[in-house]
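Here the structure comes first, spelled out in structure tokens, and everything after it is commentary.
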Amino acid sequence: MKNLSKNKIWAIATGCVLSVALSGCKDYLNVQPIDRLTGNNYYLSQDDVESNLAFIYARFFDKINETWVMGSIGEARSGEIFVSEGANNRSQRLVIEALGRNDLLTAINSSQFDWYNLGRITNWKTYYEVIQSVNILIDKLHEGIPGVEGQLKDTYLAEATFIRCFTYFWMTRLYGDVPYYTESYHTAALPREDMVNVLNYCIAELLPMKDLIPWTYNDPAMRGSRPARGAIIALLMHMNMWNSNFDSSNKQQYLNESIRLGKELIDSKQHVLVAPFNDQNWAVVTKGRSEESLFEFYKSINYGDNVEALAPFWDHFLRWPYKFPRYTNQISHCYFSSIYMNQIYPEGVADQRRQLWFEDITSDNGQFVLRKFGTNVYASGNEDKNPDNTFSMFRYADAILLYAEACAEAGGKDAEAIAAVNMVRARAQATPYSGGGGSDLKNFIYLERCRELIGEGHRYFDLIRTRRILSSEWTMSPLTLDQFNRGAWTWPIHSSALQNNPNMQLNQYWTSIGR
């Protein structure tokens with residue numbers, strides 16, 4: 001029964017999903033009839049819903065497991081990461097410095113870097129498979145599934161809506177404008193929708209779902225690995241904060257909503273910053289399912305999860321004894337520039353993160369260790385293994401700092417912003433912020449996000465949405481205003497998106513670069 005269900009789910013997700021361009025193509029018309037794929041012969045119980053959700057999460061993780069996605073999209077493009085002399089496969093790893101120069105076309109197309117297969121990031125097909133599967137699940141939940149009623153049905157609807165909105169949010173930060181649809185079986189050739197509109201659609205559909213899902217689940221194994229109310233709030237905050245910087249005429253509205261949501265999350269006291277701040281407790285956070293986790297892709301060697309060696313961000317910043325085997329990991333493959341490290345962790349300012357999360361923090365060579373991700377080491381001997389950490393998407397500290405940022409940007413709420421940023425600093429045993437408001441406070445909160453969330457895939461997106469990407473004060477790889485406006489911050493979109501879709505356009509910057 002289980003194998004049969006999985007096969008049907010696969011048929012739903014791959015047989016019926018639109019091609020990359022979401023077009024009404026001939027291949028789409030040749031799939032099996034809808035009633036054979038999603039009718040009463042499949043959705044018969046709660047077990048079927050659970051199986052489908054497991055497949056959906058697995059498909060999304062498949063996409064971020066293809067290559068060094070977490071580092072490539074959210075960290076390396078800001079230009080502070082360099083490849084160590086003597087690193088294993090150094091010529092291949094130099095792709096990271098190409099990313100840091102925003103030379104994406106070379107990073108994607110050069111045979112020197114084919115080990116990384118970064119071209120896969122440009123192909124959004126799997127994300128639309130996820131969306132297609134979610135659309136079908138939501139329709140079936142509305143139609144009615146035996147044994148799935150009342151609060152249980154509401155919880156599944158909220159979870160499915162979260163996944164769909166999270167996928168659209170993820171794609172807008174990668175590609176900018178994207179096609180948007182929520183129908184189960186869409187056949188029309190769609191153009192790309194303005195990303196602000198896409199996120200506003202998602203905000204409108206996700207907000208009513210927030211109160212339909214519990215704050216926590218009875219099963220602690222579901223904490224963070226399945227979205228609860230805190231995850232929905234975090235996603236709503238991120239979408240509002242993104243739009244606040246791209247839809248300036250409505251900026252105050254987005255900020256106010258982020259403040260309201262952040263206050264709700266903090267006042268709920270349903271999540272905590274795990275403390276005291278030491279190796280043992282931080283290992284709990286990075287392993288996953290902690291009281292700090294809001295949403296993550298939990299992976300464990302105990303479950304035999306297949307995490308590709310290059311996929312984790314931390315693969316590049318650990319050496320023995322944090323990474324095995326010893327004979328090939330005498331040095332870290334990459335390091336963060338000492339200029340950047342001293343900017344975010346100034347020497348002489350109390351901050352336990354500087355001591356706990358790093359070794360040789362300003363070495364500018366392979367002795368550098370991002371020990372933040374090095375505490376869950378279960379390999380031994382000659383096993384080629386990374387530490388066994390979760391793939392964190394949202395955690396409580398991130399939401400607190402978004403709230404602080406919104407308060408500082410909105411005006412008149414400096415006290416609330418300072419109190420929030422100092423919540424995060426207190427856990428880190430760092431000197432509290434005691435300065436004034438205005439630009440000093442805004443800059444401090446931004447740098448606090450750099451400090452707290454280093455390696456978690458937020459930095460480059462923070463640079464984009466705050467437009468600090470335009471200044472060499474904040475990044476070693478700034479964009480000009482013209483480059484920014486033409487989409488140099490996006491990723492190229494794979495040319496297969498044009499197939500059978502006359503309404504589709506690729507990202508202008510990457511098709512016209514050099515002209």
Side-chain angles (χ1 to χ4, degrees), residues 19-23 60 62-85 87-129 170-179 192 195 308-313 315-316 333-334 457 459-461 463-464 469 475-480 482-501 504-515:
S19 71
V20 178
L22 294 183
S23 65
F60 196 105
D62 284 347
K63 190 62 182 170
I64 62 175
N65 195 37
E66 287 181 340
T67 182
W68 197 51
V69 172
M70 299 302 292
S72 298
I73 68 173
E75 298 279 349
R77 291 179 69 186
S78 55
E80 292 90 15
I81 299 174
F82 296 89
V83 182
S84 305
E85 291 291 338
N88 289 334
N89 299 293
R90 186 174 190 275
S91 63
Q92 291 275 359
R93 295 187 192 276
L94 286 172
V95 72
I96 294 165
E97 295 185 14
L99 290 169
R101 298 188 298 271
N102 206 36
D103 188 3
L104 295 195
L105 297 184
T106 298
I108 290 166
N109 297 319
S110 173
S111 59
Q112 178 184 346
F113 306 134
D114 57 8
W115 191 39
Y116 277 82
N117 291 310
L118 292 183
R120 295 178 182 178
I121 298 176
T122 70
N123 192 328
W124 60 30
K125 179 180 179 182
T126 301
Y127 298 129
Y128 279 107
E129 289 177 357
W170 185 275
M171 287 198 296
T172 58
R173 295 191 306 172
L174 283 179
Y175 312 114
D177 303 342
V178 295
R192 294 164 66 192
M195 67 175 178
E308 295 296 330
L310 279 178
F313 177 80
D315 169 72
H316 292 71
H333 305 309
C334 297
R459 169 156 170 76
Y460 192 68
F461 299 124
L463 284 168
I464 295 165
I469 192 68
T475 172
M476 297 177 76
S477 185
L479 301 178
T480 66
D482 173 67
Q483 289 172 326
F484 182 89
N485 290 336
R486 290 195 294 126
W489 57 269
T490 65
W491 277 77
I493 298 171
H494 196 277
S495 60
S496 60
L498 298 171
Q499 293 173 4
N500 304 295
N501 190 344
M504 181 59 59
Q505 293 182 336
L506 304 182
N507 275 330
Q508 177 193 2
Y509 180 81
W510 299 111
T511 57
S512 63
I513 189 170
R515 294 197 291 270

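Everything numeric here is computed off the predicted structure, so don't read it as measured data.
Within the 4.5 Å cutoff, the side chain of H316 has heavy atoms near those of the I96 side chain. The closest side-chain heavy-atom distance from L479 to N102 is below 4.5 Å. Contact of the P492 side chain with the N507 side chain is not registered, since no non-hydrogen atoms from C-beta on lie closer than 4.5 Å. The shortest distance between side-chain heavy atoms of I493 and Q505 does not fall below 4.5 Å. Contact of the P478 side chain with the I469 side chain is not registered, since no non-hydrogen atoms from C-beta on lie closer than 4.5 Å. Proximity of V178 to Y128: side-chain heavy atoms (C-beta onward) are separated by under 4.5 Å at one or more points. For the pair T106 and F113, the minimum side-chain heavy-atom distance is below 4.5 Å. Here the side chains of M171 and M195 are not in contact, with every heavy-atom distance at 4.5 Å or above.
With a 6.0 Å radius and a threshold of 12 heavy atoms from other residues, nucleotides or ligands, Q112 has its CD atom above the threshold.
Scanning both residues, Q508 and S512, for their nearest heavy atoms gives O-OG, 2.7 Å. Pairing each heavy atom of R77 with each of A488, the nearest pair is NH2-O, 2.8 Å. Across all their heavy atoms, G119 and I108 have their closest contact at CA-CG2, 3.6 Å.
Rounding to the nearest 0.5 angstrom, the gap separating the CG atom in N485 from the OG1 atom in T480 is 8.5 Å. A distance of 11.0 Å separates OG1 of T172 from CZ of R192, quoted to the nearest 0.5 Å. Interatomic distance, CD1 of I81 versus CZ of R459, reported as 9.5 Å (0.5 Å rounding). Note that CD of E80 and CD of E75 are 9.0 Å apart. Values are rounded to the nearest 0.5 Å. Put simply, CD on E97 and SG on C334 are 8.0 Å apart, with the number rounded to the nearest 0.5 Å. With values rounded to the nearest 0.5 angstrom, S72 atom OG is found 12.5 Å from R120 atom CZ.
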- Task: Check the pair V95, W115 against side-chain contact (heavy atoms from CB on, under 4.5 Å), reporting the backbone distance first and the verdict last.
- Result: CA-CA 10 Å; V95 72; W115 191 39; over 6 Å; no

- Message: Walk me through whether Q92 and D114 qualify under side chain to side chain donor-acceptor pair (under 3.5 Å).
- Response: CA-CA 8 Å; Q92 291 275 359; D114 57 8; 3.2 Å; yes

- Item | Evaluation steps, side-chain contact (heavy atoms from CB on, under 4.5 Å), between Y509 and Q483 | CA-CA 7 Å; Y509 180 81; Q483 289 172 326; 3.7 Å; yes

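Aromatic ring centres of W170 and F60 lie closer together than 6.0 Å.
A donor-acceptor pair shorter than 3.5 Å cannot be found between the side chains of W124 and Y175.
In this structure, R173 forms a cation-pi arrangement with F461, its terminal cationic atom sitting closer than 6.0 Å to the ring centre and no more than 45° off the ring axis.
Applying the side-chain contact (heavy atoms from CB on, under 4.5 Å) criterion to T126, with sequence neighbours excluded, gives R59, K63, E129.
With respect to L118, the side-chain contact (heavy atoms from CB on, under 4.5 Å) criterion is satisfied by exactly one of I73, L99, L104, V69: L99.
Using a 30° and 60° split on the angle between ring planes, Y116 and W68 fall in the perpendicular class, above 60°.
With respect to the salt-bridge test (charged N to carboxylate O, under 4.0 angstrom), the residues D315 and R93 qualify.
In this structure a side-chain-to-backbone donor-acceptor pair under 3.5 Å is present from W510 to T490. For S477 (side chain) and G100 (main-chain N/O), a donor-acceptor pair under 3.5 Å exists by modelled atom type. E308 places no side-chain N or O within 3.5 Å of a backbone atom of N65 that could act as its donor or acceptor partner.
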